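Just below is one structure, and these are the notes that go with it.
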Amino acid sequence: MTKPIEGFSKLSKEDKINWIAEHYTQDSAKSVAILKQYWNEDEKLQKLHDEFIENTITNFYLPLGIAPNFLINNKLYAIPMAIEESSVVAAASKAAKFWQSRGGFKTTVLGTEKVGQVHFMYHGDTEKLIAFFKLVRPRLINSVAPIVKNMEKRGGGIKSIELRNKTSDLDDYFQLHCTFETLDAMGANFINSCLEGFAHCLKEEAQQYAEFTDSEKDIEIVMSILSNYIPNCVVKAEVSCPVSDLKGHHGISAEDFAKKMVRAVNIAKVEPYRAVTHNKGIMNGIDAVVLATGNDFRAIEAGAHAYASKDGRYTSLTHASMDNGIFKFWIEIPLALGTVGGLTTLHPLVKLALEILQNPTAKELMQIVAVAGLAQNFGAVRSLVTTGIQQGHMKMHLLNILNQLGATEEEKIRLVDYFKKHTASHSAVVVAFEELRNKK
Ligand code: MEV
């Protein structure tokens, strides 16, 4: 059995690779070669990537694709998407093209408020804590003035600090529930620094507060951290058109197609098992743009799914209606995104992705990302209620299967052509591939 290792992070990159290959892989020479194959030739660029995280041994590639023809608020965008799933970019592009000739996407930012909390324990008289909080609130704000100065100059900063009594949920548990405007920054560092400042000041001030008993003075800070639940940092994106403009879907009438779409969305509204997959499809589009633009997709995922349950039951993030002959399809989703700071200024591909998006503000990026999610969902639900998902999926997955089988370029061309007229499944591809090989 492999023994634990001490001081792995202090080893050189070369030694880390050798150690991992030797202890955890069958063919260490081959493993080392694979890892090194993904190093960038440009040493400076490689070093930049190495330093994003600890213990870097190589790079992990994802394809970066482009979904063009997104008409958003009358402006045309080509959207960069970083994702491994074969059909996502194709589906987004197809939906973009579809809506481009039907007025495009319309978006509105409904709010940009970020949230952070100082969680603390207070053992004592709640009324006294309330009076204390009123007194120290301005001091809390003053205590972080140097951190907030630049953000305030640009029009952002702390929006509110509220004392919340959570003792009905947990004995002695209180919070400072704080809201922020972080403009073009995602704001995690800014918010966390402010919160830690508030926490420090709160504790110090409590110790000096003459009205408190000794145990009341002893406020215990548990943690200070931003929340990824941001129900007031929300964007809405929508498409709409006369129902009659929806014709042309596999022989289904425009009216029937609209009905099928609305019904499918309504199922995702009432059935959590379906809603999770429905929303997963939305996140296919969202995460791909979030990743390409150097944002934190885990934060976006956590926030989106929490928002999907905000009314007590997990439900669809998109909505659809058909009223007075108009079909409407829309999404409301919380998105805490940044276009400055973090990877956005460091990662050359992220910088380029933002340039392709015309260097958006964070608000503009919220709108673009929401549109990518809506388009993805429209594409997925459209396939589901018409041809079924596998037709498009397998078409896109075909090349992956052919690559797995070791098909040559010529074989790939012939088999892609063959599957334009035949239904692709994994076994059908294997059979067709073997037949083609055996013919030779
Ligand atoms: C697959 O990645 C996403 C879908 O399952 C989404 C959906 O079912 O709506 C196709």
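All residue numbers in this chain count up from 1 along the given sequence. Excluded from the calculations below are hydrogen atoms, water molecules and symmetry mates; all remaining heavy atoms, backbone and side chain alike, are included. All of these numbers come straight from a predicted model, not from anything done at the bench.
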- Message: What verdict does the salt bridge (charged side-chain N to carboxylate O under 4.0 Å, His left out) test give for R298 and D296, after you've listed the backbone C-alpha separation in whole Å, the side-chain angles of each residue and the deciding distance to 0.1 Å?
- Response: CA-CA 6 Å; R298 287 85 55 210; D296 179 346; 3.4 Å; yes
- Is N232 atom CG crowded by more than 12 heavy atoms from other residues, nucleotides or ligands, each under 6.0 Å away? yes
- Query: Considering residues, nucleotides and ligands other than H305, do more than 12 of their heavy atoms fall under 6.0 Å from its NE2?
  - Reply: yes
- Message: Using side chain to side chain contact (heavy atoms under 4.5 Å, CB included), reason through T318 and H278 one step at a time and then give a plain yes or no.
- Response: CA-CA 9 Å; T318 54; H278 179 93; 2.6 Å; yes
- Message: How about NZ on K13, more than 12 heavy atoms from neighbouring residues, nucleotides or ligands closer than 6.0 Å, or not?
- Response: yes
- Message: Using 30° and 60° as the class boundaries, would you call the ring planes of Y61 and Y38 parallel, tilted or perpendicular?
- Response: perpendicular
- Given E196 and N192, is the side chain to side chain donor-acceptor pair (under 3.5 Å) satisfied, shown in steps? CA-CA 6 Å; E196 288 185 5; N192 290 335; over 6 Å; no
- Task: Please check if atom NZ in K30 has more than 12 non-hydrogen atoms from other residues, nucleotides or ligands closer than 6.0 Å.
- Result: no
- Item | Residue pair K36, E14: steps toward the side chain to side chain contact (heavy atoms under 4.5 Å, CB included) verdict | CA-CA 10 Å; K36 289 191 176 174; E14 196 80 34; 2.4 Å; yes
- So, E301 versus N228: side-chain donor-acceptor pair below 3.5 Å or not? no
- Note on the structure: Note: I252 and V385 closest approach over all heavy atoms is CD1-O, 4.3 Å
- Query: In a check of salt bridge (Lys or Arg N to Asp or Glu O under 4.0 Å) between K159 and each of E152, E181, E113, which one passes?
  - Reply: E113
- Query: Side-chain donor-acceptor pair under 3.5 Å between T344 and T339, yes or no?
  - Reply: no
- Message: Tell me whether K328 at atom NZ has more than 12 heavy atoms from other residues, nucleotides or ligands lying less than 6.0 Å away.
- Response: no
- Shortest non-hydrogen contact from P334 toward G303: CG-O, 3.6 Å
- Message: Show the nearest heavy-atom pair for residues V265 and H319, with the distance to one decimal.
- Response: CG1-CA, 3.7 Å
- Query: Is the number of heavy atoms from other residues, nucleotides or ligands under 6.0 Å of K75 NZ greater than 12?
  - Reply: yes
- Message: Can you classify the ring geometry of H49 versus F52 as parallel (below 30°), tilted (30 to 60°) or perpendicular (above 60°)?
- Response: perpendicular
- Classify the angle between the aromatic ring planes of F419 and H422 as parallel (below 30°), tilted (30 to 60°) or perpendicular (above 60°). perpendicular
- With a 4.5 Å limit on heavy-atom distance, are the side chains of V371 and L374 in contact? no
- Just wondering, more than 12 heavy atoms not from K97 lying within 6.0 Å of its NZ? no
- Does F98 have R382 sitting over its ring (NZ/CZ under 6.0 Å from centre, angle to axis within 45°)? yes
- Message: With a 6.0 Å cut-off on the ring centroids, do F70 and W99 count as close?
- Response: no
- Message: For Y307, does the six-membered ring have the charged nitrogen or CZ of K310 within the cation-pi criterion, i.e. under 6.0 angstrom from the centroid and within 45° of the normal?
- Response: yes
